[in-house]
Amino acid sequence: MAAPREAAARAEALRAEIGKHNYAYYVLDAPTVPDAEYDRLFRELQEIEAAYPALRTADSPTQRVGGRPLPEFAPVRHAVPMLSIRTETDSGPEGARAFDARARRALGLAEGAPSLEYAAELKFDGLAVSLRYEDGVLAQAATRGDGEIGEDVTQNVRTIHCIPLGLKGEPPALLEIRGEVFMRRPDFERYNARQRERGRPALVNPRNGAAGSIRQLDPKIAAERPLSFFAYGVGEARGWAMPASHSAILDALAAFGVPVCEHRAVAQGAEGLIAFHEKMLAQRDALPFDIDGVVYKVNALDLQERLGFATREPRWAVAHKYPAQEELTEVLGIEIQVGRTGKLTPVARLKPVFVGGVTVTNATLHNEDEVRRKDVRIGDTVIVRRAGDVIPEVFAVVKERRTENVENGRQWSLADAVGNECPVCHSAIERLEDEADWRCTAGLYCPAQRKQAILHFASRRALDIEGIGEKLVDQLVDQNLVETVADLYDPTRINAGKLAGLERMGGKSAQNIVDAIAESSKAAQLERLIYALGIRNVGEATAKELARHFGTMTALMAADAETLQLVPDIGPVVAASIIDFFNEKHNQQVVEKLLEHIRLEAVGKMAAGAVLRGLTFVLTGTLPTLAREAAAALIEAAGGKVSGSVSKKTDYVVAGTDAGSKLDKAQALGVRIIDEAGLRELLQAKETER
Ligand code: IVH
């Protein structure tokens with residue numbers, strides 16, 4: 001049946017609108033409508049297309065998913081071969097200089113001739129694909145294959161949301177867009193987390209994730225994988241006034257609505273390339289996707305033509321690498337480290353390997369479950385990954401390289417590895433239900449925990465005691481000079497004479513440390529002291545809220561779980577951590593001793609007056625002695641809020657004579673109603689509660 005004219009028009013309008021929202025969401029990363037509205041539009045289009053299948057166009061957004069699994073991929077011959085580019089392996093500035101020198105020489109440029117102009121862009125780490133648009137509609141997508149013949153992966157590529165099914169503006173009769181399909185790191189993490197939750201295999205890394213997804217015969221599987229795309233060039237084109245430079249081509253592609261990475265530049269000469277290389281290296285770890293280098297291309301197309309090709313590689317382009325973030329090495333052992341809160345962390349001791357710009361000898365294995373999941377064994381060859389400041393980690397085991405010598409046998413167990421005791425203090429260890437970590441139960445009696453606790457106490461955001469570093473703390477604890485953080489303030493234990501006797505410590509630095517400790521005891525902030533104690537789950541923000549709410553350490557120590565949960569953002573878990581900490585006799589003694597030595601900064605009004613914090617009041621009618629403003633000021637000074645209207649969120653209505661509709665509403669909603677005397681009592685009662 002032919003579709004009525006209105007249905008056809010509506011379908012077209014919907015396609016255009018959904019396409020626009022898709023572009024805003026997936027390409028510009030700036031959503032224009034709420035998800036629910038998008039879903040409504042999408043469903044409406046689906047319904048029209050179901051009623052009139054003739055209206056279902058190839059570029060309809062409903063056509064992204066849904067093909068059947070293929071028996072195999074059909075071969076696709078590339079009209080313009082998909083070549084690869086030469087790699088400059090020197091990851092320093094020489095790599096850029098060498099390329100610039102080669103290009104200049106090949107063009108016969110004299111030494112004094114002006115610098116060449118380049119397009120500089122990122123080298124994305126995924127899979128190359130070619131997208132063929134006929135009259136602006138995505139007609140075919142192919143992998144690179146051997147460069148001449150690739151595979152038809154149209155069904156899978158259609159599921160990539162940021163790839164437009166139709167080009168914007170006035171596209172040419174034929175345009176082949178080339179670029180990289182890849183997976184963003186946050187998408188990769190999220191996907192893997194979900195897979196693990198469901199007990200399904202995780203992806204090894206984002207690159208394998210991208211390549212593996214595109215080569216799935218079942219498009220439903222590909223559709224589940226969150227892929228992205230950036231264009232970096234064109235292949236065959238017909239009916240197009242091709243721009244004269246590579247950078248202008250990319251601008252044109254972006255104008256067609258195709259994703260083009262914003263991190264690109266037009267660079268002048270070798271120095272311009274070096275500047276780009278360095279700038280992007282500095283930003284590498286902050287990018288939401290992996291890159292393994294940058295790519296330079298001679299910008300002017302006529303020069304590219306003059307340069308031509310050397311065997312299979314263009315002379316006008318080069319990839320300039322960055323140091324790899326993943327390397328292979330061997331696991332020499334698995335050790336267990338004890339952290340500040342007693343957490344036992346398995347750490348792989350590795351054959352030294354240069355990765356991410358540094359030599360790595362240890363890499364975290366996170367926890368017991370991770371070791372089991374990755375099945376890491378001593379003697380294994382593993383992929384070590386170090387991306388930026390992130391702690392190096394054992395990413396995966398190369399199972400194919402596992403030899404017979406590798407320790408065989410049972411699932412790795414942390415408890416077995418440490419003989420069921422803390423490797424530092426030999427106390428019992430435990431792993432609570434619902435927790436991934438094993439812990440040493442000895443608390444601050446454990447020297448490892450004590451060392452970490454002291455370092456934390458002295459750290460910049462805690463009591464900020466300059467000069468207290470790892471080497472010093474090791475000695476202080478190992479020689480029993482300091483058993484608890486309170487001992488730092490005990491002059492019989494810590495004095496210039498004793499410190500000067502330690503390794504690497506002169507008289508002057510010893511005195512500096514004594515002075516720094518003394519300095520930290522004058523006018524310390526309560527919130528910093530609370531944070532410095534290193535209570536589990538109490539970070540800086542929580543410490544600040546606690547200080548504000550309770551005003552004194554004594555009040556905090558006396559608080560029960562219910563009272564603690566009156567503090568903003570404190571739930572049962574954090575409350576329990578605080579209670580557990582102060583229930584420990586030893587911790588109480590340490591805190592009491594600290595309070596003897598440390599003078600706290602006078603607590604401001606804010607904290608002292610915050611007894612009504614979190615409570616909302618509504619005033620109505622005439623109060624016997626307080627003017628309305630005065631009552632409001634009292635409430636606000638005590639941290640409460642005064643609102644003009646009664647709702648379910650109102651905690652108290654303070655009613656005087658001639659109270660009107662607000663009183664009725666309060667009664668109807670069951671809000672507590674008090675008078676002026678009641679308000680005063682509340683202020684008092686709350687005061688003594690502290
Ligand atoms: S240009 C003729 N630009 O790296 C030049 N390639 O061997 C064709 N790649 O397989 C490639 N980012 O998949 C170019 N900005 C970029 C790139 C890039 C990643 C990949 C591409 C190709 C390999 C180069």
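Everything numeric here is computed off the predicted structure, so don't read it as measured data. Counting convention: from 1, in listed order, for ligands and their atoms alike.
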Write none if no such pair exists; otherwise list each N/O atom of ligand 1 with its protein N/O partner under 3.5 Å and the distance.
residue	atom	partner	partner atom	Å
ligand 1	3 (N)	K297	NZ	3.0
ligand 1	4 (O)	K123	NZ	3.3
ligand 1	7 (O)	I85	N	2.9
ligand 1	12 (N)	F124	N	3.1
ligand 1	13 (O)	E180	OE1	2.4
ligand 1	13 (O)	Y232	OH	2.9
ligand 1	15 (N)	E121	OE2	3.0
ligand 1	15 (N)	L122	O	2.9

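With sequence neighbours excluded, no residue forms a ring pair (Phe, Tyr, Trp, His ring centres under 6.0 Å) with H246. Contacts of Y191 classified as ring pair (Phe, Tyr, Trp, His ring centres under 6.0 Å), with partners at least two apart in sequence or in another chain: none.
Between Y296 and H320, the ring planes are perpendicular. Angles over 60° get that label, and only those under 30° would be called parallel.
For residues 155-184, the pairs satisfying ring pair (Phe, Tyr, Trp, His ring centres under 6.0 Å) are Y26-H161, F182-F230, F182-F289, with sequence neighbours left out.
Side-chain contact annotation: E176 with S130, donor-acceptor N/O pair under 3.5 Å present.
D125 and K123 are not joined by a salt bridge, as no carboxylate oxygen comes within less than 4.0 angstrom of a charged side-chain nitrogen.
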